[in-house]
Amino acid sequence: MSLYKEWTDMVVDYVKRRGEPAFWHDYGEIERRIYTKLLSNHQEEVKGTMEELANYFGVSNIYFMGFTDGINDSLLEPVVLEETESDTKVDFKIDFEKLYFNMLDAKADYLYELPQWESIFSKEKRKEIQRDYRDSKMVVNNDKVGRNDECPCGSGKKYKKCCGK
């Protein structure tokens, strides 16, 4: 069984037994510890087998798989999660700007507010990434529908007699 399958099965079982808030509380603490060490040593290579890296960060293989699942979208070369075993060699080449952006998207304030970010990005750069994040979530409708135009819902009626009421 792949490490990823073990991770997902463990999460489902944990949530069934103890609830989702308990899972996020416990996993959040583990994740914070890993990111604190990772960001503190952000210039060091993060590579080895999954087991070696789990030992380096002081967590079980399964929890390190969960961490890998979370950081995978921020890697320059993502890990094939479903094929990952304890002896799989990985090389985390992290796009720190994308990582910070993804933490904002996940609303993980316990991660994007870590003081270790200060050694990676200036306050201005972090604000710029936050601005880019906000802008990416803003929906701008450039196609205004006039009252007498056909309704965009496809009903065939005029907008004022359909969805424009």
Novice: Going by the rule salt bridge (Lys or Arg N to Asp or Glu O under 4.0 Å), which residues pair with K137 if we only count those two or more places apart in sequence or in a different chain?
Specialist: D105

Novice: Once side-chain hydrogen bond (donor to acceptor under 3.5 Å, both in side chains) is applied, do any residues pair with D149, and if so which ones, sequence neighbours excluded?
Specialist: none

Novice: Which residues pass the side-chain hydrogen bond (donor to acceptor under 3.5 Å, both in side chains) test with D69, not counting sequence neighbours?
Specialist: none

Novice: Taking NZ, NE, NH1 and NH2 as the nitrogens, is one of them in K125 or E128 under 4.0 Å from a carboxylate oxygen of the other?
Specialist: yes

Novice: Can you list every side-chain hydrogen bond (donor to acceptor under 3.5 Å, both in side chains) pair that touches residues 76-92, not counting sequence neighbours?
Specialist: N61-S86, D91-K93

Novice: Roughly how far, to the nearest 0.5 Å, is the CD1 atom of I129 from the OG atom of S136?
Specialist: 12.0 Å

Novice: What is the distance from atom CH2 of W7 to atom OG1 of T68, rounded to the nearest 0.5 Å?
Specialist: 10.0 Å

Novice: Under the side-chain hydrogen bond (donor to acceptor under 3.5 Å, both in side chains) rule, collect the residues that match up with E44, sequence neighbours excluded.
Specialist: Y56

Novice: With sequence neighbours excluded, tell me which residues meet salt bridge (Lys or Arg N to Asp or Glu O under 4.0 Å) with D73.
Specialist: none

Novice: Is the closest side-chain donor-acceptor distance between D95 and S74 under 3.5 Å?
Specialist: no

Novice: Apply salt bridge (Lys or Arg N to Asp or Glu O under 4.0 Å) to E29 and list each qualifying residue two or more places apart in sequence or on a separate chain.
Specialist: R32

Novice: Assess whether a salt bridge exists between R17 and D13, defined as any Lys/Arg side-chain N lying under 4.0 Å from an Asp/Glu carboxylate O.
Specialist: yes

Novice: Would you please name every residue forming a side-chain hydrogen bond (donor to acceptor under 3.5 Å, both in side chains) with T8, sequence neighbours left out?
Specialist: none

Novice: Could you tell me which residues satisfy salt bridge (Lys or Arg N to Asp or Glu O under 4.0 Å) with D9, sequence neighbours excluded, listed by chain and number?
Specialist: K5

Novice: Quick one: are I71 and N102 in side-chain contact, heavy atoms under 4.5 Å?
Specialist: no

Novice: Cluster question for you: counting only ILVMFWY and a side-chain heavy-atom cut-off of under 4.5 Å, with indirect links fine, are Y63 and V15 together?
Specialist: yes

Novice: Only pairs under 3.5 Å count here: list side-chain donor-acceptor contacts from residues 150-161, not counting sequence neighbours, and write none if there are none.
Specialist:
{"residue": "S155", "atom": "OG", "partner": "K157", "partner atom": "N", "Å": "3.2"}
{"residue": "K160", "atom": "NZ", "partner": "N148", "partner atom": "OD1", "Å": "2.9"}

Novice: So, for E6 and I62, which heavy atoms are closest and what is the spacing to 0.1 Å?
Specialist: OE1-CD1, 3.6 Å

Novice: Atom CG in L104, atom CZ in R131: separation rounded to 0.5 Å?
Specialist: 12.5 Å

Novice: Drop me the distance from F96's CZ to H42's NE2, to the nearest 0.5 angstrom.
Specialist: 6.5 Å

Novice: Which donor-acceptor pairs under 3.5 Å do the side chains of residues 110-117 make with protein atoms, sequence neighbours left out?
Specialist:
{"residue": "Y110", "atom": "OH", "partner": "E31", "partner atom": "OE1", "Å": "2.6"}
{"residue": "W117", "atom": "NE1", "partner": "L111", "partner atom": "O", "Å": "3.1"}

Novice: What's the shortest heavy-atom distance between Q130 and Y100, and which atoms?
Specialist: NE2-OH, 3.0 Å

Novice: Could you pull out all residues at least two apart from F67 that satisfy ring pair (Phe, Tyr, Trp, His ring centres under 6.0 Å)?
Specialist: Y35, F64

Novice: Less than 4.5 Å apart, side chain to side chain, heavy atoms only: is that true for V79 and M50?
Specialist: no

Novice: Within a strict 4.5 Å, meaning less than it, do heavy atoms of the R33 and F57 side chains meet?
Specialist: no

Novice: Spell out, yes or no, whether V80 and V46 are grouped together once hydrophobic residues are joined by side-chain heavy atoms under 4.5 Å, including indirect joins.
Specialist: no

Novice: As an exercise, state the distance from CZ of F23 to CZ of R18, rounded to the nearest 0.5 Å.
Specialist: 11.0 Å

Novice: Taking atom CD1 of I34 and atom CG of L39, what is their separation to the nearest 0.5 Å?
Specialist: 11.5 Å

Novice: Are M65 and V12 linked, directly or through other ILVMFWY residues, by side chains that come within less than 4.5 angstrom of each other?
Specialist: no

